[in-house]
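We use all heavy atoms of the structure for the numbers below, so side chains are in, but hydrogens, waters and symmetry mates are not. Protein chains get the first letters and strands the later ones, always in sequence-line order, with residue 1 at the start of each.
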Protein chains: 2
Amino acid sequence: MDAQIKRGLLDILVLAAIKDEDSYGYSIIKDLKPYLEISESTLYPILKRLEAAELLTVRSAEHNGRLRKYYKITKAGLLRLDAFADEWQEVMRIYNYVTRGEDKNDEA
Amino acid sequence: MDAQIKRGLLDILVLAAIKDEDSYGYSIIKDLKPYLEISESTLYPILKRLEAAELLTVRSAEHNGRLRKYYKITKAGLLRLDAFADEWQEVMRIYNYVTRGEDKNDEA
DNA sequence: ACATAATACTATATCACACGAGGTATTGTT
DNA sequence: AACAATACCTCGTGTGATATAGTATTATGT
């Protein structure tokens with residue numbers, strides 16, 4: 001029941017992981033590890049979904065005899081990240097509602 | 001608002017809605033409407049779940065001939081809300097990662 | 001040389017859950 | 001009489017996270 005909020009950020013985190021530089025599955029998992037531990041069986045379906053939604057494109061390349069599929073964010077993917085930043089205001093409104101009356105100074 | 005993010009906030013929002021004062025299904029839906037639109041078929045299973053998890057208790061009462069089930073938050077429910085506030089630091093770390101490099105001054 | 005870990009992707013089965021659609025029943029309004 | 005609002009509930013469906021298992025190569029340790 002804990003950390004469910006973070007699950008909602010999965011798609012966006014994956015997009016963020018390839019935002020500046022193309023990356024591949026295995027690397028994305030390791031890059032995101034400090035933020036959210038995500039398993040292969042979680043990531044690959046997400047990548048498929050994001051590809052279907054045309055938020056990223058895929059290109060295969062061989063690296064040391066192993067296949068690698070590099071994922072590249074699309075224009076739509078970048079727009080999705082921008083939209084997320086906007087949506088965050090709504091999320092913060094909810095956060096403020098939930099924590100109303102508490103004197104935690106989370107937001108200065 | 002993104003359905004995925006919303007999903008992670010549902011349980012916590014319901015707890016927040018009964019935090020200060022006992023409430024009932026129909027009222028909770030209307031109270032939360034400004035923050036998040038939640039349907040009856042979404043809310044009632046959540047209330048059942050929260051009751052099973054002992055984060056709230058239920059008491060039936062008649063009001064103008066109609067049945068009302070009042071939900072009251074438990075100690076564990078209040079602790080859950082506290083835990084959420086703590087988790088938020090991690091969520092903000094994710095947010096900052098996702099929006100890195102953007103000059104939106106969302107957090108002053 | 002052999003075993004194990006790390007790299008890298010895929011498929012399948014399962015469980016949780018949000019939500020539309022539909023149901024019951026009373027009170028208030030037009 | 002008709003309809004909206006109040007107030008509860010259930011079922012079916014689709015989406016999605018994740019465990020488990022499989023395939024295959026390279027690197028590391030013993």
Side-chain angles (χ1 to χ4, degrees), chain A residues 1-15 17-18 21-33 35-53 55-72 80 91 94, chain B residues 1-15 17-18 21-33 35-53 55-72 80 91 94:
Chain A
M1 173 93 79
D2 39 285
Q4 244 62 4
I5 320 109
K6 293 201 259 177
R7 295 291 129 193
L9 302 170
L10 274 172
D11 285 31
I12 225 71
L13 258 171
V14 171
L15 284 178
I18 61 169
E21 198 176 7
D22 299 2
S23 189
Y24 55 96
Y26 206 81
S27 181
I28 291 170
I29 287 171
K30 291 205 295 189
D31 291 343
L32 294 185
K33 199 160 194 174
Y35 301 99
L36 192 68
E37 294 215 23
I38 175 176
S39 71
E40 297 179 277
S41 57
T42 297
L43 177 64
Y44 288 110
I46 288 173
L47 288 169
K48 283 258 172 76
R49 211 158 63 225
L50 294 176
E51 189 193 355
L55 301 181
L56 55 77
T57 54
V58 195
R59 137 182 75 90
S60 283
E62 200 183 301
H63 179 82
N64 282 350
R66 284 196 218 88
L67 178 76
R68 267 191 191 166
K69 294 175 89 167
Y70 284 92
Y71 299 91
K72 180 187 179 65
R80 180 72 194 84
V91 174
I94 291 176
Chain B
M1 147 122 125
D2 182 79
Q4 229 43 44
I5 298 170
K6 176 183 168 182
R7 191 180 181 220
L9 298 169
L10 276 171
D11 286 29
I12 224 71
L13 259 170
V14 171
L15 285 177
I18 61 169
E21 200 177 6
D22 300 0
S23 188
Y24 55 97
Y26 206 82
S27 180
I28 291 170
I29 288 171
K30 291 206 294 190
D31 291 343
L32 293 184
K33 198 158 195 174
Y35 301 99
L36 197 69
E37 294 215 22
I38 175 174
S39 71
E40 296 180 277
S41 57
T42 298
L43 177 64
Y44 288 111
I46 288 173
L47 288 169
K48 282 260 172 75
R49 211 158 64 225
L50 294 176
E51 189 193 355
L55 300 181
L56 55 77
T57 55
V58 196
R59 139 181 73 90
S60 283
E62 201 184 299
H63 180 82
N64 283 350
R66 287 195 215 87
L67 178 76
R68 271 189 191 170
K69 294 176 88 169
Y70 284 92
Y71 298 91
K72 179 189 180 62
R80 180 71 194 82
V91 173
I94 293 175

Within the structure, does a side-chain N or O atom of [X] lie under 4.0 Å from either OP1 or OP2 of [N]?
X     : N      : value
A:T42 : D:dT18 : yes
A:Y44 : C:dT10 : no
B:K30 : D:dA5  : no
B:R49 : C:dA18 : yes
A:K48 : C:dC9  : no
A:Y26 : C:dA6  : no
A:R7  : D:dT18 : yes
B:R66 : D:dA7  : yes

- Query: Is B:D11 salt-bridged to B:R80, going by a charged N under 4.0 Å from an acidic O?
  - Reply: no

Taking atom [atom2] of [N] as reference, at what distance in whole Å does atom [atom1] of [X] sit?
X     : N      : atom1 : atom2 : answer
A:K33 : C:dA6  : NZ    : C1'   : 12 Å
B:I29 : C:dA18 : CD1   : C1'   : 13 Å
A:Q4  : D:dT15 : CD    : P     : 20 Å
A:K6  : D:dA17 : NZ    : P     : 15 Å
A:I5  : D:dA17 : CD1   : C1'   : 16 Å
A:E62 : C:dA8  : CD    : C1'   : 12 Å
B:K69 : D:dA7  : NZ    : C1'   : 11 Å
B:I28 : D:dC9  : CD1   : P     : 11 Å

Among [options], which nucleotide sits nearest the side chain of [X]?
X     : options               : value
A:S39 : D:dT18, D:dC8, C:dT7  : D:dT18
B:Y24 : C:dC9, D:dA7, D:dA17  : D:dA7
B:S41 : C:dA6, C:dC19, D:dT18 : C:dC19

- Message: On DNA chain D, compare the nucleotides closest to B:Y71 and A:E37; which residue's is nearer the 5' end?
- Response: B:Y71

- Just call it for B:I38: base, sugar-phosphate, or nothing, with non-hydrogen atoms closer than 4.0 Å on any strand. nothing

- Message: Looking at B:G8, is its backbone amide N or carbonyl O close enough to the side chain of A:K6 to form a donor-acceptor pair, meaning the two atoms are under 3.5 Å apart?
- Response: no

- What about A:E40, does its side chain sit under 3.5 Å from the base of C:dC9 through a donor-acceptor pair? yes

